[in-house]
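Below is one structure, written out as structure tokens, with a few remarks after it.
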Number of protein chains: 2
Amino acid sequence: MAGPDSKDFMNSQHFSTKERILGAAEQLFARLGFAGASLRQVTAAANVNLAAVNYHFGSKENLINEVFRRRLDELNAHRLQALDEALKLPDTGLEPLLSAFINPALDLSLDRGGGGAFVRVLARAYAEHNDALRKFLSDNYGHVMKRFHAAFAQRLPDLDKEELYWRLDIVAGALTYAMADFGVIKRKSGVTEQQHRERSAEHLIRFAAAGLRAP
Amino acid sequence: MAGPDSKDFMNSQHFSTKERILGAAEQLFARLGFAGASLRQVTAAANVNLAAVNYHFGSKENLINEVFRRRLDELNAHRLQALDEALKLPDTGLEPLLSAFINPALDLSLDRGGGGAFVRVLARAYAEHNDALRKFLSDNYGHVMKRFHAAFAQRLPDLDKEELYWRLDIVAGALTYAMADFGVIKRKSGVTEQQHRERSAEHLIRFAAAGLRAP
DNA sequence: GTAGCATTCAAACGCCCGTTTTACCTACGA
DNA sequence: TCGTAGGTAAAACGGGCGTTTGAATGCTAC
């Protein structure tokens, strides 16, 4: 009756125990939260022994960190690459910078294979304000936000440093939340995935630019 | 050494058991999440017996609902009142509608007495996508969003119904997240609380209007 | 004062949690 | 062929969870 759907598909022998745990954890953290999803649920969904989490990751907290690392390494690399290219162009305002930040995440949220779940996990992390997690993210990816911060600061010279800092934080939070919902919303028929992605990005960029340029 | 600070203050005899539980639950749900905060933590913070939660509220899930009801009854009444006044004026665009939605929440997030914590609880609820909670909110406060939806639809006639629906959802989510952070951010010295509130509202309204007007 | 009800309390219920332990596989290089 | 290391397995650890119980209290109305 039920063929292997996309959720169970990766619980097969084609993926290592570590990969299956990470995939199942991502799905369940997105759905139930970090505190709400138990290791017993994760290991059952991954078709793996309960002790495997502590064997491969040491602890639940570290598993959470690795769920982030797996996606953020690539995501932030794409962001920095896009930022570099945006900075090569003549100064054309905030929009190219926002594109560099948003488009890699939107690609992730719309692709197959769990990226959509991860974007929802990210949205949860923002809402959580979890200290340990924030430290991990700051330690590992703080330099990315620093690069973006510097680029925005250069294009918004009248905004003082502190003001810019929390505006970027709010913009990042709002965008993260919005992208988490884009993954859930199905696009209208007659619109290709590519068109949907481009329109979504446009909306978000206008949205964010207006917030940042507020006097 | 430690006088009664604002957190412990309401754990006194001046408040009923129910009120103390609601206050403590709000604080802890904001900090630790619904799954992360236990009834033992809540009752200890409220200086109340563990069994009091189930006696007065029946279950943890119902306690969560009542935490929302206590604030949302008043918040949404203020929103509808502000909406009615905005609709009396000649059509002046989206901004007055957004004001009617944002200002009551911003008042709550900046006031004393736990309102700030509640706005963070709201942000968590948005990120959670919890079905039971969404049903409760939709059952009890769906009519408010319907009123706003109708008002926005009238001012955005070129936007189709479905598109408007999820734009409003995203805007509400982004604003909720942003307001949760406003409560945390301390205003700069030399700026009165009133000024801070008005500037925050302005930024958010521009932000949201741009998102809604996107072509 | 006492009956009756609402509330509070300490204790226990069964269950699930993250983690650890210990034994058992199963390769692969010596 | 054997020894060993890396991985998996089942079971148990102590502890915290939401909820229930039944007795002890406080309070109001007669």
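Numbers restart at 1 for each chain; the letters A, B, ... are given by sequence-line order, proteins then strands. Just so we're clear, the structure is a prediction, and the values are computed from it rather than from any experiment.
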Open item on the list: Please enumerate all residues that pass side-chain hydrogen bond (donor to acceptor under 3.5 Å, both in side chains) together with A:Asn62, with sequence neighbours excluded.
Closed with: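 A:Asn62: no side-chain hydrogen bond (donor to acceptor under 3.5 Å, both in side chains) contacts found.
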Please state how far atom [atom1] in [X] lies from atom [atom2] in [N], giving the value in whole angstrom units.
| X | N | atom1 | atom2 | value |
| --- | --- | --- | --- | --- |
| A:Lys60 | C:dT20 | NZ | C1' | 17 Å |
| A:Phe15 | D:dT8 | CZ | C1' | 20 Å |
| B:Leu39 | C:dC17 | CG | P | 16 Å |
| A:Glu19 | D:dG7 | CD | C1' | 15 Å |
| A:Asn49 | C:dC25 | CG | C1' | 13 Å |
| A:Gln41 | C:dC16 | CD | C1' | 10 Å |
| B:Arg40 | C:dC13 | CZ | C1' | 11 Å |
| A:Leu32 | C:dC16 | CG | C1' | 15 Å |

Counting heavy atoms from C-beta on, name the nucleotide in [options] closest to the side chain of [X].
| X | options | result |
| --- | --- | --- |
| B:Asn54 | C:dC9, D:dT19, C:dT19 | D:dT19 |
| A:His56 | C:dT19, D:dT19, D:dT8 | D:dT8 |
| A:Leu50 | D:dA9, C:dT19, C:dC9 | C:dT19 |
| A:Tyr55 | D:dG6, C:dT19, C:dT7 | D:dG6 |

TODO: Taking A:Arg79 for its side chain and A:Ala100 for its backbone only, find out whether a donor-acceptor pair lies under 3.5 Å.
DONE: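 Here the side-chain-to-backbone pair does not exist.
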TODO: Would you confirm whether A:Glu26, through its side chain, and A:Gly23, through its main-chain N or O, come within 3.5 Å as a donor-acceptor pair?
DONE: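 Absent.
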Open item on the list: Is there a side-chain contact between B:Thr17 and the phosphate of C:dT8, meaning an N or O under 4.0 Å from OP1 or OP2?
Closed with: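 Yes, B:Thr17 has a side-chain N/O under 4.0 Å of OP1/OP2 on C:dT8.
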Open item on the list: For a quick test of reading the model: is some side-chain N or O of A:Ser38 closer than 4.0 Å to OP1 or OP2 of C:dC17?
Closed with: yes
TODO: Mind checking A:Ala51 for me? I need base, sugar-phosphate or nothing, with any heavy atom below 4.0 Å counting as a touch.
DONE: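 Base, at least one base atom sits under 4.0 Å.
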Open item on the list: Does any part of the side chain of B:His149, heavy atoms only, come nearer than 4.5 Å to the side chain of B:Tyr165, both counted from C-beta?
Closed with: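 When only atoms from C-beta onward are counted, B:His149 and B:Tyr165 do touch, with a gap below 4.5 Å.
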Task: Basic-acidic side-chain contact under 4.0 Å: A:Arg69, A:Glu66 - done: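 Yes, charged N to carboxylate O under 4.0 Å.
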